[in-house]
Amino acid sequence: MPIDFLDELQWRGLLHQCTDEQALRAHLADPQSNPRSAYTGFDPTADSLTIGNLVPIMLLVHFARAGHTPIVVMGGGTGLIGDPSGKSAERQLQTEETVRGFVDAQRPIYENVFRGAAAYGDAQIPSPRILNNLDWLAKLGFVEVLRDVGKHFSVNMMIQKDSVRDRLHEREQGISYTEFSYMILQSYDFWRLYEHEGVTLQAGGSDQWGNIVAGADLIRRNIAAFGASEDHQPDAFGLTVPLVTKTDGGKFGKTESGAIWLTANRTSPYAYHQFWLNTSDDDVVRFLKIFTLLPKDEIDRLTDEVQTNPGAREAQKTLAHHATALLHGEDEAVACERAAKALFSGEIADLPEATLRAVLAEVPSSDHSVASLEGDGVATLDLLIETGLASSKRQAREFLAAGSISINGRKLDGEANLGSSDLLHGSLIAIRRGKKAWHLTHWS
RNA sequence: GGGCGUGUACCCAAGUGGACAAAGGGGGCAGACUGUAAAUCUGCUGGCAUCGCCUUCGGGGGUUCGAAUCCCUCCGCGCCCA
């Protein structure tokens, strides 16, 4: 039994606003005999996406779970122009090669999430179709665009748009004709997909509302101009997801060390898992709804757990597991949990070598000469500096005096020298400062 | 171009000849407590060294036994006038 798309979005808090909700509900009511297609566009501005981008992807997943057809449109073309929405300054134009590289790097993210969603239990959900708007935008002729598309856009309306208006009145940073035209391109995408792919719904982040409505508008005007549609309702809808916020006012998706990305080369699965695990009690239920596919009764149960037994952090653990599994796969999620357990308990000395190496794989490491362990051995003081765990001898002494340093999980009190008897598996010494800072030393 | 200000450590900010490696706050790091949370408490926060030494108060130069502090000069920033 497929889910009801709009109901699902609503209770999950994924629905920010949409055009004509009643008509949209009716439009989507019968996926069996009338499956619909929806698309979300993503402009490639980097070689990866951040967890903020995960929200509209989840929306497409729910669309698929409801029995409809999701389409991802990668902005290989629009990415060459630059969306002024939410930007206070003109963007640096990227070269075509760069954007192409970004497109290729981002493609697996969509595939991974949908694979993860299917693995979670919705085996019937299809993979999304992934298109690149460069394929049609690159072929457009300037005259053609001005006549067929531009005629439907009123400049009076376009300059009302917040992102454009701000730039017009901000004397420091104007807006180029290029970025001003962005809305027209995105609208054309929608029209194009409506015509050729039967797409009737565009979804996106809340900052995309203006662009989405403009697209729906273009479709309506074109229908009016060229006749077409058998019924008189223009079957083009728009829908946005909310901006995810944190209760404490901090920016969602950012840590001290930077943004949380959706590819392992930028944010390791372990760091990703830790990010979710550290969600505050105030946010965890909302995030469970948005970033996992857990059913309502399970989330209700976890909501109670947060209330009655917050110390167990079952909700955070569940969130971390499912969010990690969704993106990186179940195996990675399990590995992250195992690594977290070992690293936080500090009990690593008894782990088999292969497990130990796997657990510490993401920790900074350095190579040292095993010969130096002979005789008096190596002073931990010096080693702390060599490994970067302390920035000066004075600081290293401070850590040692405070009992902040552990060697292979054994707490060190005071200064000491390390010898070959401290080697784990004949070649490794793991140093830990405080609770979270680890460093693995290789000796050979 | 003229006038008045201002520049201090990661950030804000006191300090106007010696007691200044420089108050206070924030941030950061560590310790205790805890739930890898929040709040709270404690310590550290230029470097090297077992009393001590070395390098720092926008840059350079000078006065002085002694300069963040006084003088000269250059540079940066802010406000007002043109």
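The chains referred to below are lettered A, B, ... by the order of the sequence lines, with proteins before strands, and numbering in each begins at 1.
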Taking only nitrogen or oxygen atoms into account, show me every contact under 3.5 Å that the protein makes with nucleotides 35-39 of chain B, one pair per line with its distance.
| from | atom 1 | to | atom 2 | distance (Å) |
| --- | --- | --- | --- | --- |
| B/rG35 | O4' | A/G311 | O | 3.1 |
| B/rG35 | O6 | A/D281 | OD2 | 3.0 |
| B/rG35 | N1 | A/D281 | OD1 | 3.1 |
| B/rG35 | N1 | A/D281 | OD2 | 2.8 |
| B/rG35 | N2 | A/D281 | OD1 | 2.8 |
| B/rG35 | N2 | A/Q316 | NE2 | 3.4 |
| B/rU36 | O2' | A/N278 | OD1 | 3.0 |
| B/rU36 | O2 | A/Q274 | OE1 | 3.0 |
| B/rU36 | N3 | A/Q274 | OE1 | 2.9 |
| B/rU36 | N3 | A/Q274 | NE2 | 3.3 |
| B/rU36 | O4 | A/Q274 | NE2 | 3.2 |

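- For the segment residues 321-332 of chain A, no residue has any heavy atom less than 4.0 angstrom from an atom of RNA chain B.
- A donor and an acceptor atom, one from each side chain of A/D189 and A/Q186, are nowhere located under 3.5 Å apart.
- Residue A/K411 is classed as a sugar-phosphate contact, given heavy-atom separations below 4.0 Å to backbone atoms only.
- Looking only at atom types and distance, the side chain of A/T95 has a donor-acceptor partner in the side chain of A/T98 under 3.5 Å away.
- Look at B/rA37: it lacks any Watson-Crick or wobble partner with both distances under 3.5 angstrom.
- When Watson-Crick and G-U wobble pairs are counted only if both distances are under 3.5 Å, B/rA23 pairs with no nucleotide at all.
- Pairing partner, B/rG5: B/rC77, with both Watson-Crick or wobble hydrogen-bond distances short of 3.5 Å.
- Looking at A/Y39 and A/N133, their side chains never bring a donor and an acceptor atom within 3.5 Å of each other.
- Residues A/T380 and A/A416 approach most closely at OG1-O, 2.8 Å, considering heavy atoms.
- Ring orientation note: the planes of A/F287 and A/W276 are nearly perpendicular, at an angle over 60° on the 30°/60° scale.
- Listed by chain and residue number, A/S366, A/H368, A/T387, A/I429, A/I431, A/H439, A/W443 satisfy the side-chain contact (heavy atoms from CB on, under 4.5 Å) test with A/T441 (two or more places apart in sequence, or in another chain).
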Spell out protein contact along nucleotides 40-53 of chain B as letters: B when the base is contacted, S when just the sugar-phosphate is, - when no protein heavy atom is under 4.0 Å; keep the 5' to 3' order. ---BBS-SSS----
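- Within the structure, every pair that satisfies the salt bridge (charged side-chain N to carboxylate O under 4.0 Å, His left out) test and touches residues 345-360 of chain A, not counting sequence neighbours, is listed here: A/E353-A/R357.
- Across all strands shown, B/rU42 is found opposite B/rA30 as a Watson-Crick or G-U wobble partner, with both distances under 3.5 Å.
- Heavy atoms of other residues, nucleotides or ligands lying less than 6.0 angstrom from CG of A/D376 number 12 at most.
- Looking at A/L59 and A/L239, their side chains come closer than 4.5 Å, going by heavy atoms from C-beta outward.
- Applying the Watson-Crick and G-U wobble criteria (two distances, each under 3.5 Å), B/rU55 pairs with nothing in any strand.
- Residue pairs meeting the salt bridge (charged side-chain N to carboxylate O under 4.0 Å, His left out) criterion with at least one partner in residues 303-329 of chain A, sequence neighbours excluded, are A/R301-A/E314.
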